[in-house]
Structure formats: C-alpha cells, structure tokens
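In this chain, numbering begins with 1 at the start of the sequence shown.
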Amino acid sequence: MRNIPPNASLSHPQAQLQQLRSSRQALVVALFPVVLAACAPDAWRPDDPFEAFLDQIQNKCGEMRIGSRSIGSDLLQNPDPYFLDVTSRYYHRKISGQNYAEALAGSFGTTPDSPGILCVLNLKRDKDPLTPQGLGG
C-alpha cells in the first residue's frame with residue numbers, strides 16, 4: 001500500500017467539500033443566464049392578455065387531446081413548460097401557426113392537424129401587446 005502524504009487532499013475532507021460547494025455554486029451562477037435565455041422572452045413577465053388566451057384554450061379546447069395528453073388537465077392545470085412556451089411564442093406571433101402545429105405534433109406524438117391543435121389555432125389571439133405599433137405581428 002502506498003503512503004499518502006499527510007498534506008494530500010484526501011486528508012482534508014472539509015476542504016474537498018468546500019471546493020465541491022464552490023464549484024457547484026459557480027456552475028449554477030454560470031448556467032442561470034443560459035436557462036433564463038432559453039425561456040420565451042415574455043415567460044417571466046406578467047401577461048394578462050396571454051393569460052386570457054390560456055383561459056380561452058382551457059374553456060374551448062380543454063377536453064381535447066394533443067397526442068395522449070389532455071389539453072386541460074395535462075398541459076394547463078398541471079402546467080407543461082414546453083406547451084406553455086410554444087403557445088406563448090405562437091400567441092405573441094414569434095412563430096407561425098404551422099410552426100406551432102408542427103412543434104406540438106412532434107413533441108406530443110400526433111399530427112399537425114389533430115383536433116386539439118386545430119382548436120387552439122382557431123382561437124382568436126388579441127393584438128400582440130409586445131409588438132411595437134407599425135411592425136405588424
């Protein structure tokens with residue numbers, strides 16, 4: 001068996017633990033902006049018109065399914081982050097209806113023309129409050 005010098009890092013478990021904690025904290029601090037940037041640009045702001053749109057989805061499409069998932073209970077009442085993010089992007093005209101349908105179809109194992117997706121696409125979206133006047137949307 002080899003002799004391990006008394007000043008080796010194995011002889012200082014507290015120092016190792018502190019170094020591990022520091023590394024974890026640095027990783028969390030470094031990744032936080034990346035995670036925040038991955039969200040829809042409006043996902044962290046209060047957005048009453050979008051909330052009203054989600055209420056419309058719940059009221060008019062809540063019983064329908066996208067793939068094996070119920071829009072109301074599986075995607076809205078037990079919020080699915082991906083569904084909310086893609087729906088927010090669609091509502092705010094960051095993606096087209098076709099892109100929205102294809103994104104949901106691919107993620108939830110259905111077709112872009114499934115009744116649940118078509119129901120959401122047929123709902124009226126208010127004028128986008130995040131789009132500056134004159135730029136369209």
Side-chain angles (χ1 to χ4, degrees):
M1 186 169 203
R2 294 177 24 192
N3 288 334
I4 298 174
N7 63 349
S9 62
L10 293 176
S11 64
H12 302 289
Q14 287 294 64
Q16 282 182 324
L17 185 59
Q18 183 63 32
Q19 185 178 12
L20 181 62
R21 284 183 184 151
S22 295
S23 297
R24 276 193 203 148
Q25 288 173 341
L27 182 62
V28 168
V29 168
L31 289 179
F32 182 73
V34 173
V35 171
L36 189 58
C39 295
D42 55 316
W44 53 272
R45 290 184 251 176
D47 188 352
D48 292 336
F50 178 62
E51 292 296 324
F53 184 67
L54 292 178
D55 288 343
Q56 273 191 81
I57 294 172
Q58 174 67 41
N59 294 334
K60 297 183 179 174
C61 310
E63 299 299 319
M64 296 183 155
R65 303 186 86 67
I66 297 179
S68 64
R69 315 241 347 242
S70 165
I71 292 175
S73 61
D74 295 330
L75 301 175
L76 291 174
Q77 293 169 9
N78 296 313
D80 181 284
Y82 181 76
F83 177 78
L84 294 176
D85 181 56
V86 173
T87 301
S88 172
R89 290 171 190 263
Y90 166 69
Y91 175 78
H92 290 291
R93 293 168 172 79
K94 304 294 183 199
I95 62 172
S96 69
Q98 180 178 349
N99 289 70
Y100 178 72
E102 290 171 355
L104 291 180
S107 293
F108 296 111
T110 190
T111 59
D113 64 347
S114 71
I117 293 173
L118 291 178
C119 181
V120 175
L121 289 174
N122 286 318
L123 295 175
K124 183 180 180 324
R125 294 179 286 172
D126 288 336
K127 189 169 187 162
D128 187 358
L130 299 179
T131 302
Q133 290 291 65
L135 294 180

CA sep, side-chain torsions, deciding dist, call: Leu75, Phe108, side chain to side chain contact (heavy atoms under 4.5 Å, CB included): CA-CA 11 Å; Leu75 301 175; Phe108 296 111; 3.9 Å; yes
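Atom CD1 of Ile117 sits about 11.0 Å away from atom SG of Cys61, to the nearest 0.5 Å. Rounded to the nearest 0.5 Å, atoms CG (Asp55) and NZ (Lys60) are 11.5 Å apart. The CG atom of Asn99 sits 14.0 Å away from atom NZ of Lys94, with the distance rounded to the nearest 0.5 Å. Interatomic distance, Leu54 CG to Ile71 CD1, rounded to the nearest 0.5 Å: 11.5 Å. To the nearest 0.5 Å, atom CG of residue Leu121 and atom CG of residue Leu104 are 8.0 Å apart.
Closest approach of Gln58 to Gln77, counting heavy atoms only: NE2-NE2, 3.2 Å. When all heavy atoms of Arg125 and Phe53 are compared, the pair lying nearest together is CG-CE1, 3.8 Å. Looking at every heavy atom in both residues, Asp80 comes nearest to Arg69 through OD2-NH1, 3.1 Å. Nearest heavy-atom pair, Pro112 versus Ala101, reported as atom, atom and distance to 0.1 Å: O-CB, 3.7 Å. Gly97 and Tyr90 get closest at one heavy-atom pair: CA-CE1, 3.7 Å. What you find for Leu84 and Pro79 is that their closest heavy atoms are CD1-CB, 3.7 Å.
The shortest distance between side-chain heavy atoms of Phe83 and Ser107 does not fall below 4.5 Å.
Listed by chain and residue number, nothing satisfies the salt bridge (Lys or Arg N to Asp or Glu O under 4.0 Å) test with Arg65 (two or more places apart in sequence, or in another chain).
Although no hydrogens or angles enter the test, the distance criterion places a donor-acceptor pair under 3.5 Å between the side chain of Asn78 and the main chain of Ser73. Judged purely by atom type and a 3.5 angstrom limit, Asp85 has no side-chain atom pairing as donor or acceptor with the backbone of Pro81.
Atom CD of Glu51 sits in a crowded spot, with more than 12 heavy atoms from other residues, nucleotides or ligands closer than 6.0 Å.
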